[in-house]
Amino acid sequence: MTLLPRPSWRNQRRLTRGMQLTLVGIIGYGLLAGAPKAITNGVIALGITFVPSLLERNYDIPLDPWLGLWITLAVFLHTMGSAGLYQQIPWWDHITHAMSATLVAGVGYTFARGVDLHNDEIHLPRRFYFAYVLVIVLAFGVVWELFEFGLDVVAHATGVDMPLAQFGLDDTVKDLLYNSLGAVLVAVFGQAHLSGLAETVRTSLIAD
């Protein structure tokens, strides 16, 4: 994968660090205000933002800086939504679901393409990837909604405020629709941008 020029790399780092500092602020607010949802979402999101750096350091996978920003932005938007924007901005939830779906689709495509490149006996046609990405995202979306439903059951039974919640059948259907939109975007446009990453995964992980 061709990495971006150094000015773009610096811009990505600044944006990423800015979002990480905001997440730290949300965690601090949660600690001071006694808001467990803010603490839980903030800690999980902050941990995920360091995944690109860990992949580069531990597995020698040179990710494009903007891919790291993509991951950080997805979890950042969700955490900001949990901090209050979901209630204040009706369409915020749609954006976060579409963004999260693009991440799931990107990971699924990258590893399937890595296996395809690694094994000469396996050939996956380009049309297969479109259907594969859609199925992966839809399956993940269903599991996620079941997970949220389970948290709702536990919340009602225990009175404990959970970091995630469902808001009715209409909300669930819209979530799945925007998951599908994110999957389609990656299926249509992602192959050109993720092929280099798939080659890196093949070399750095699967070949080992």
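Side chains included, hydrogens not; waters and symmetry mates left out as well; all remaining heavy atoms used.
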Nearest heavy-atom contact between G182 and A101 is CA-CB, 4.1 Å

Side-chain contact, heavy-atom cut-off 4.5 Å: V104 with I136? yes

Sub-3.5 Å donor-acceptor pair from the side chain of H156 to the main-chain atoms of D152, do we have one? yes

Hydrophobic cluster membership, I44 vs L21, 4.5 Å side-chain cutoff: no

Holding to ring-ring contact (aromatic ring centres under 6.0 Å, His included), I want the full list of residues that pass it with Y178, two or more places apart in sequence or in another chain. H94

Measuring only between side-chain heavy atoms, which start at C-beta, is V137 closer than 4.5 Å to S180? no

Could you tell me if the side chain of E145 sits less than 4.5 Å from the side chain of F149, heavy atoms only? no

Approximate separation, where rounding is to 0.5 Å, of M99 CE and H78 NE2: 13.0 Å

Is it the case that one hydrophobic cluster holds both W70 and I48, taking links as side-chain heavy atoms less than 4.5 Å apart, direct or via other members? yes

Atom pair CG (N179) and NZ (K174), whose distance is rounded to the nearest 0.5 Å: 14.0 Å

For the residue pair L176 and V142, what are the closest heavy atoms and their distance? CD2-N, 4.1 Å

Smallest separation among heavy atoms of A105 and A183, with atom names: CB-CA, 4.2 Å

Residues at least two apart in sequence or cross-chain that pass side-chain hydrogen bond (donor to acceptor under 3.5 Å, both in side chains) with T72, listed by chain then number, are none

Where do G106 and V186 come nearest, in terms of heavy atoms and distance? N-CG1, 4.0 Å

For V154, what residues pass the side chain to side chain contact (heavy atoms under 4.5 Å, CB included) criterion, not counting sequence neighbours? T158, M162

Could you list the residues that satisfy side-chain hydrogen bond (donor to acceptor under 3.5 Å, both in side chains) with Y29, not counting sequence neighbours? none

With side-chain hydrogen bond (donor to acceptor under 3.5 Å, both in side chains) as the criterion, how do S100 and W144 come out once you've worked through the C-alpha distance, each side chain's angles and the decisive distance to 0.1 Å? CA-CA 11 Å; S100 298; W144 184 264; over 6 Å; no

So which residues get pulled into L32's cluster when ILVMFWY side chains under 4.5 Å apart are joined, directly or through others? none

From I39 CD1 over to L31 CG, what is the distance, rounded to the nearest 0.5 angstrom? 4.0 Å

Do you reckon L15 sits in the same ILVMFWY cluster as L77, going by side-chain contacts under 4.5 Å, direct or chained? yes

Spacing of OG1 belonging to T79 relative to CD1 belonging to I27, to within rounding of 0.5 Å: 8.5 Å

Between V43 and F76, is there shared hydrophobic-cluster membership here, with clusters defined by ILVMFWY side-chain heavy atoms closer than 4.5 Å? yes

Please round to the nearest 0.5 Å and tell me the distance separating atom CD1 of I95 and atom CG of L73. 9.5 Å

For I89, check side chain to side chain contact (heavy atoms under 4.5 Å, CB included) against everything at least two apart and list the hits. L85, W91, W92

For Q87, all residues meeting side-chain hydrogen bond (donor to acceptor under 3.5 Å, both in side chains), sequence neighbours excluded: none

Apply side chain to side chain contact (heavy atoms under 4.5 Å, CB included) to L177 and list each qualifying residue two or more places apart in sequence or on a separate chain. V173

To the nearest 0.5 Å, what is the distance between CZ on F50 and OG1 on T16? 10.0 Å

Please name the pair of heavy atoms, one in D171 and one in D93, separated by the smallest distance, quoted to 0.1 Å. OD1-OD2, 3.4 Å

Those residues at least two apart in sequence (or on a different chain) that pass side-chain hydrogen bond (donor to acceptor under 3.5 Å, both in side chains) with T49 are Q20

Is the closest side-chain heavy-atom distance between M80 and T22 below 4.5 Å? yes

